[in-house]
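Each ligand, and each atom within it, is numbered from 1 in the order the structure gives.
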Amino acid sequence: MAPDGGRSRAELISSLVVDVPDFPKPGVTFSDITPLLGSAAGLAAAVEGLTAAAPAGIEAVVALEARGFIFGGPVALALGVGFVPVRKPNKLPREHVEITYDLEYATETLAVHADALHAGQRVLVVDDVLATGGTIAATAELVRTLGAEVAAVAVVLELGFLGGRARLHQAGLDDVRALVTVERG
Ligand SMILES: O=P(O)(O)OC[C@H]1O[C@H](OP(=O)(O)OP(=O)(O)O)[C@H](O)[C@@H]1O
Ligand SMILES: Nc1ncnc2[nH]cnc12
């Protein structure tokens with residue numbers, strides 16, 4: 001059933017994302033999800049949608065600092081599995097593995113604790129936005145370095161025109177689920 005009086009989940013989520021031109025730098029249109037977070041119905045629709053998108057047999061949720069954490073924790077709780085944070089540099093106190101990659105508007109490093117996942121574990125990677133796919137591809141590499149397997153990727157918003165899905169496909173990630181996909185010039 002639609003979450004908001006006949007409005008579909010995708011319509012509700014789309015209506016709560018605001019496009020901001022030239023942020024954080026000229027030429028980039030930033031998809032601001034803070035109105036979605038501020039809406040009880042919107043936040044619930046996003047968390048429920050991501051949870052429903054998870055294939056059977058997920059054993060852990062992996063999510064990305066910072067915006068991915070907002071959704072990853074509730075989805076892990078809903079699935080009844082643990083939550084593994086992938087963090088920005090210099091945050092993890094114990095032995096960890098790191099990767100550096102290019103983002104739409106920056107270069108970034110991500111890290112995960114070396115003992116956060118075990119061999120063969122099936123994980124769901126959760127994030128807010130799939131743009132170029134660099135962040136999730138890098139995360140998949142971290143997951144695989146620990147011997148675990150990315151069973152699926154679930155995001156709230158896919159910026160389809162940035163080609164992230166193709167990049168993830170190249171990285172061997174074929175199960176990519178987006179609650180909303182936007183295509184624009
Ligand atoms: O598909 P990509 O091109 O890799 O971009 C998507 C990533 O970009 C944003 O993170 P950002 O690094 O801006 O950090 P934040 O979550 O801390 O705001 C977003 O939350 C995704 O993680
Ligand atoms: N255009 C964009 N809007 C929001 N988050 C992003 N992450 C990478 N590109 C983005």
Side-chain angles (χ1 to χ4, degrees), residues 10 13-39 42-43 45-47 49-50 53-54 60-76 83-92 96-112 116 123-145 150 152-185:
I13 292 170
S14 296
S15 73
L16 292 165
V17 177
V18 176
D19 285 346
V20 182
D22 300 319
F23 182 89
K25 65 182 191 190
V28 174
T29 300
F30 189 82
S31 298
D32 177 22
I33 61 155
T34 60
L36 175 71
L37 303 179
S39 159
L43 183 58
V47 170
L50 293 169
V61 168
V62 171
L64 297 306
E65 182 174 359
R67 283 177 266 154
F69 287 1
I70 299 164
F71 301 102
V75 170
F83 173 79
V84 175
V86 169
R87 298 220 57 184
K88 303 257 163 102
N90 308 313
K91 297 289 186 185
L92 293 175
H96 55 273
V97 292
E98 260 185 22
I99 188 166
T100 297
Y101 65 99
D102 289 327
L103 196 63
E104 192 186 0
Y105 40 68
T107 295
E108 192 55 87
T109 297
L110 291 175
V112 66
V123 313
L124 176 70
V125 174
V126 169
D127 206 356
D128 64 329
V129 174
L130 171 62
T132 66
T135 303
I136 290 176
T139 297
E141 216 169 309
L142 290 176
V143 167
R144 289 167 177 162
T145 300
V150 178
V153 171
V155 298
V156 178
L157 181 67
E158 174 186 10
L159 306 181
F161 54 95
L162 290 175
R165 193 173 281 266
R167 180 153 178 192
L168 296 188
H169 179 68
Q170 279 173 3
L173 301 169
D174 292 323
D175 192 344
V176 178
R177 306 176 186 205
L179 304 186
V180 172
T181 299
V182 295
E183 298 291 351
R184 64 167 175 253

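Between E158 and R165 there is a salt bridge, since at least one side-chain N of the basic residue sits less than 4.0 Å from a carboxylate O of the acidic one.
The atoms of ligand 2 that sit less than 4.0 Å from any heavy atom of L159 are 1 (N), 2 (C). Those atoms of ligand 2 with a heavy atom of A131 less than 4.0 angstrom away are 8 (C), 9 (N).
If you check which protein heavy atom lies closest to atom 6 (C) of ligand 2, you get Y105 OH, 3.6 Å. Looking only at protein heavy atoms, the nearest one to atom 10 (C) of ligand 2 is E104 OE1, 3.3 Å. In terms of protein heavy-atom proximity, atom 5 (N) of ligand 2 is closest to R67 NH1, 3.1 Å.
Of the options L159, L168, L157, a side chain to side chain contact (heavy atoms under 4.5 Å, CB included) to L130 is made by L168 and by none of the others. Applying side chain to side chain contact (heavy atoms under 4.5 Å, CB included) to P24 and the options D22, V20, V28 leaves one that passes, V28.
Atoms CG and CD1, from L179 and I13 in turn, are 4.5 Å apart once rounded to the nearest 0.5 Å.
Under a 4.0 angstrom heavy-atom cut-off, L103 registers as lying outside contact with ligand 2.
Atom CG of N90 has 12 or fewer neighbouring heavy atoms from other residues, nucleotides or ligands inside a 6.0 Å radius.
When atom types are taken as modelled, the side chain of E183 and the backbone of F161 share a donor-acceptor pair closer than 3.5 angstrom. Judged by distance alone, the side chain of R67 and the main-chain N or O of V129 form no donor-acceptor pair under 3.5 Å.
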Please assess V156 against L36 for the test side-chain contact (heavy atoms from CB on, under 4.5 Å), listing each intermediate value before the final yes or no.
CA-CA 10 Å; V156 178; L36 175 71; 3.9 Å; yes

Before you tell me yes or no, could you show the steps for L43 and F71 under side-chain contact (heavy atoms from CB on, under 4.5 Å), namely the whole-Å CA-CA distance, both residues' side-chain angles and the distance that decides it to 0.1 Å?
CA-CA 9 Å; L43 183 58; F71 301 102; 4.1 Å; yes

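In this structure, V180 and V17 have side chains that are not in contact, with every pair of non-hydrogen atoms separated by 4.5 Å or more.
Neither the backbone nor the side chain of D128 comes within 4.0 Å of ligand 2, counting heavy atoms alone.
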N/O pairs closer than 3.5 Å, ligand 1 and protein:
{"unit_1": "ligand 1", "atom_1": "1 (O)", "unit_2": "A131", "atom_2": "N", "d": "2.9"}
{"unit_1": "ligand 1", "atom_1": "1 (O)", "unit_2": "T132", "atom_2": "N", "d": "3.1"}
{"unit_1": "ligand 1", "atom_1": "1 (O)", "unit_2": "G133", "atom_2": "N", "d": "2.8"}
{"unit_1": "ligand 1", "atom_1": "3 (O)", "unit_2": "T132", "atom_2": "N", "d": "2.9"}
{"unit_1": "ligand 1", "atom_1": "3 (O)", "unit_2": "T132", "atom_2": "OG1", "d": "2.5"}
{"unit_1": "ligand 1", "atom_1": "4 (O)", "unit_2": "G134", "atom_2": "N", "d": "3.4"}
{"unit_1": "ligand 1", "atom_1": "4 (O)", "unit_2": "T135", "atom_2": "N", "d": "2.7"}
{"unit_1": "ligand 1", "atom_1": "4 (O)", "unit_2": "T135", "atom_2": "OG1", "d": "2.5"}
{"unit_1": "ligand 1", "atom_1": "13 (O)", "unit_2": "R67", "atom_2": "NH2", "d": "3.1"}
{"unit_1": "ligand 1", "atom_1": "13 (O)", "unit_2": "Y105", "atom_2": "OH", "d": "2.5"}
{"unit_1": "ligand 1", "atom_1": "14 (O)", "unit_2": "K88", "atom_2": "NZ", "d": "3.1"}
{"unit_1": "ligand 1", "atom_1": "16 (O)", "unit_2": "A66", "atom_2": "N", "d": "3.0"}
{"unit_1": "ligand 1", "atom_1": "16 (O)", "unit_2": "R67", "atom_2": "N", "d": "3.0"}
{"unit_1": "ligand 1", "atom_1": "17 (O)", "unit_2": "A66", "atom_2": "N", "d": "3.2"}
{"unit_1": "ligand 1", "atom_1": "17 (O)", "unit_2": "K88", "atom_2": "NZ", "d": "2.9"}
{"unit_1": "ligand 1", "atom_1": "18 (O)", "unit_2": "R67", "atom_2": "NE", "d": "2.9"}
{"unit_1": "ligand 1", "atom_1": "18 (O)", "unit_2": "R67", "atom_2": "NH2", "d": "3.1"}
{"unit_1": "ligand 1", "atom_1": "20 (O)", "unit_2": "D128", "atom_2": "OD1", "d": "2.6"}
{"unit_1": "ligand 1", "atom_1": "22 (O)", "unit_2": "D127", "atom_2": "OD2", "d": "2.5"}

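Considering each of A106, S31, P24, the one bringing a non-hydrogen atom nearest atom 4 (C) of ligand 2 is S31.
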